[in-house]
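Side chains included, hydrogens not; waters and symmetry mates left out as well; all remaining heavy atoms used.
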Amino acid sequence: MRINTKLLKPRYLATLFFSMSVAVSIAQVGINTTTPDGVLDLNSDEEKYNGGVNKYGLVLPRVALIKNDISSPVVDPSTGTPGSLPIGTVVYNTATTNYGSNSVYPGIYMWDGIDWINEFPKKDAEIFKQTPPLTALRTVTSGSYQNIPNLANRTFTPEYSGTYKVELSMNWGGGIIQNLGTGTDVAVQSGIFKFEFNSDPDKLIPMHTWSARHGSGTNYYDIWEQTTIVIYKELVAGTSYPFSLSFDQTNSDGFTNNGNSGDGMGWLGGDIPCTVEFVYLD
């Protein structure tokens with residue numbers, strides 16, 4: 001839009017320029033810049049501060065939050081109460097609290113209308129996988145536990161103190177059943193996984209798998225079963241926690257050599273390896 005300033009008296013001209021200036025300042029605000037690139041543009045001018053040596057950052061309001069589902073002590077600036085805190089409010093929390101999943105720790109938080117959302121959550125996870133030989137680990141009915149390769153006598157050291165989810169994933173398939181020569185036969189093979197962690201009581205996980213045989217012909221074996229167990233542990237940062245995962249195959253009646261040797265032995269991690277995974281719960 002073009003304006004003929006010759007038609008305006010000086011006092012009206014000044015009023016017009018002032019109004020346009022206010023409109024521009026409302027639309028965009030620049031600190032240490034005359035050409036803001038957004039509604040608010042903060043610039044730390046090197047030449048202005050200490051001869052260009054230092055740069056400066058934005059310091060957010062620092063508050064001590066209580067829980068992530070309580071807006072106070074931050075309040076709505078229009079009402080002075082925490083009940084209607086504007087969505088998108090951002091603060092830097094200085095407190096560390098212990099309320100389980102509602103706990104907070106130092107960092108930047110944004111209010112979404114219901115909870116304070118940690119914009120930079122702590123993350124710590126490590127997975128340990130079975131490393132079988134060229135074929136899967138064969139299981140025997142020997143009356144003692146077999147260590148699972150790469151999952152025995154290991155240690156995990158958490159980066160943070162707090163609750164960790166420990167997920168055990170166990171995969172096992174049965175061996176070949178005896179040749180009875182007639183009909184179709186089905187047999188179940190059983191075993192127990194044992195998870196040892198630190199000085200805690202052992203965690204025992206029973207497991208079963210099935211095999212079949214059609215007469216003296218086709219064998220159906222290593223029909224693997226997968227079981228997942230989740231355990232929660234309170235761990236301390238920097239502490240090394242020993243753990244082991246092992247397996248004991250129980251007596252296998254109906255399987256070749258009672259499952260103790262040869263084709264009657266089962267398979268651990270045949271298609272999918274057994275794993276132990278630690279994940280920090282924020």
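- At least one side-chain heavy atom of Pro106 sits less than 4.5 Å from a side-chain heavy atom of Thr96.
- When the options Phe156, Tyr241, Tyr232, Tyr160 are evaluated for a ring-ring contact (aromatic ring centres under 6.0 Å, His included) with Phe278, the one that passes is Phe156.
- The side chain to side chain contact (heavy atoms under 4.5 Å, CB included) test with Met170 is passed by exactly one of Leu151, Ile205, Leu268: Ile205.
- Ring pair Phe195/Phe243 is tilted by interplanar angle, where 30° to 60° counts as tilted.
- Annotation for Lys203: atom NZ does not count as buried by contact number, only 12 or fewer foreign heavy atoms lying within 6.0 Å.
- Evaluated for a side chain to side chain contact (heavy atoms under 4.5 Å, CB included) with Lys194, the options Asp248, Asp202, Asn147 yield exactly one hit, Asp202.
- When all heavy atoms of Ser72 and Leu65 are compared, the pair lying nearest together is O-CD2, 4.5 Å.
- The list of salt bridge (charged side-chain N to carboxylate O under 4.0 Å, His left out) pairs with a residue in residues 214-234, not counting sequence neighbours, reads Asp200-Lys233.
- Among all heavy-atom pairs drawn from Pro158 and Leu235, the shortest one is CG-CB, 3.9 Å.
- Side-chain heavy-atom separations under 4.5 angstrom define the hydrophobic clusters, and the remaining members of the one that includes Ile177 are Phe255.
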Run Thr81 and Asp76 through side-chain hydrogen bond (donor to acceptor under 3.5 Å, both in side chains) and show every step you take. CA-CA 5 Å; Thr81 63; Asp76 184 341; 5.8 Å; no
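- Put simply, the side chain of Leu168 does not reach to within 4.5 Å of the side chain of Thr228, judged on heavy atoms.
- Residue Met207 comes nearest to Thr227 through the heavy atom pair CE-OG1, 3.6 Å, listed as atom of the first residue, atom of the second, then distance.
- Within 6.0 Å of CZ on Phe197 lie more than 12 heavy atoms contributed by other residues, nucleotides or ligands.
- Nearest heavy atoms, Gln249 versus Trp172: OE1-CZ2, 3.7 Å.
- Of the possible polar contacts, none joining the Gln189 side chain to the Trp210 backbone as a donor-acceptor pair under 3.5 Å is found.
- For the residue pair Cys274 and Leu245, the shortest heavy atom distance occurs at CB-CD2, 4.4 Å.
- A donor-acceptor pair shorter than 3.5 Å can be found between the side chains of Ser169 and Gln226.
- With hydrogens and angles disregarded, a donor-acceptor distance shorter than 3.5 Å links the side chain of Thr97 to the backbone of Val104.
- Proximity of Asn118 to Asn68: side-chain heavy atoms (C-beta onward) are nowhere separated by under 4.5 Å.
- At least one donor-acceptor pair closer than 3.5 Å links the side chain of Arg138 to the backbone N or O of Met265.
- In this structure, the side chain of Asp124 engages the main chain of Glu159 through a donor-acceptor pair within 3.5 Å.
- Looking at Thr157 and Thr239, their side chains never come closer than 4.5 Å, going by heavy atoms from C-beta outward.
- Under a 3.5 Å cut-off, the side chain of Thr89 and the backbone N or O of Pro86 do form a donor-acceptor pair.
- Legend: residues meeting salt bridge (Lys or Arg N to Asp or Glu O under 4.0 Å) with Lys165, ordered by chain and number and at least two apart, are Glu167.
- In this structure, the side chain of Ser211 engages the main chain of Gly175 through a donor-acceptor pair within 3.5 Å.
- Asp115 places no side-chain N or O within donor-acceptor distance of the main-chain N or O of Ile117, the cut-off being under 3.5 Å.
- Side-chain contact between Trp224 and Thr209 is absent, with no heavy atoms from C-beta onward closer than 4.5 Å.
- Taking every heavy atom of both residues into account, Lys122 and Tyr105 meet most closely at N-OH, 2.7 Å.
- Here Ile148 contributes atom CD1 and Thr139 contributes atom OG1; the two are 10.0 Å apart, rounded to the nearest 0.5 Å.
- Judged by distance alone, with hydrogens and angles left aside, the side-chain atoms of Asn219 form no donor-acceptor pair with the main-chain N or O of Arg213 at under 3.5 Å.
- Contact check for Ser252 versus Asn260: no side-chain heavy atoms found under the 4.5 Å cut-off.
- Under the 3.5 Å distance criterion, the side-chain polar atoms of Ser244 are matched with a main-chain donor or acceptor of Asn153.
- Among Trp267, Phe193, Tyr145, the one residue that satisfies the ring-ring contact (aromatic ring centres under 6.0 Å, His included) test with Phe247 is Phe193.
- Checking side-chain atoms of Gln130 against main-chain N and O of Pro273 turns up no donor-acceptor pair under 3.5 Å.
- Using a 4.5 Å heavy-atom threshold, the side chains of Val29 and Asp41 count as separate.
- Grouping the Ile, Leu, Val, Met, Phe, Trp and Tyr side chains by contacts below 4.5 angstrom, directly or via other members, places Val74 apart from Ile114.
- In this structure, the side chains of Ser71 and Trp111 come closer than 4.5 Å at one or more pairs of heavy atoms.
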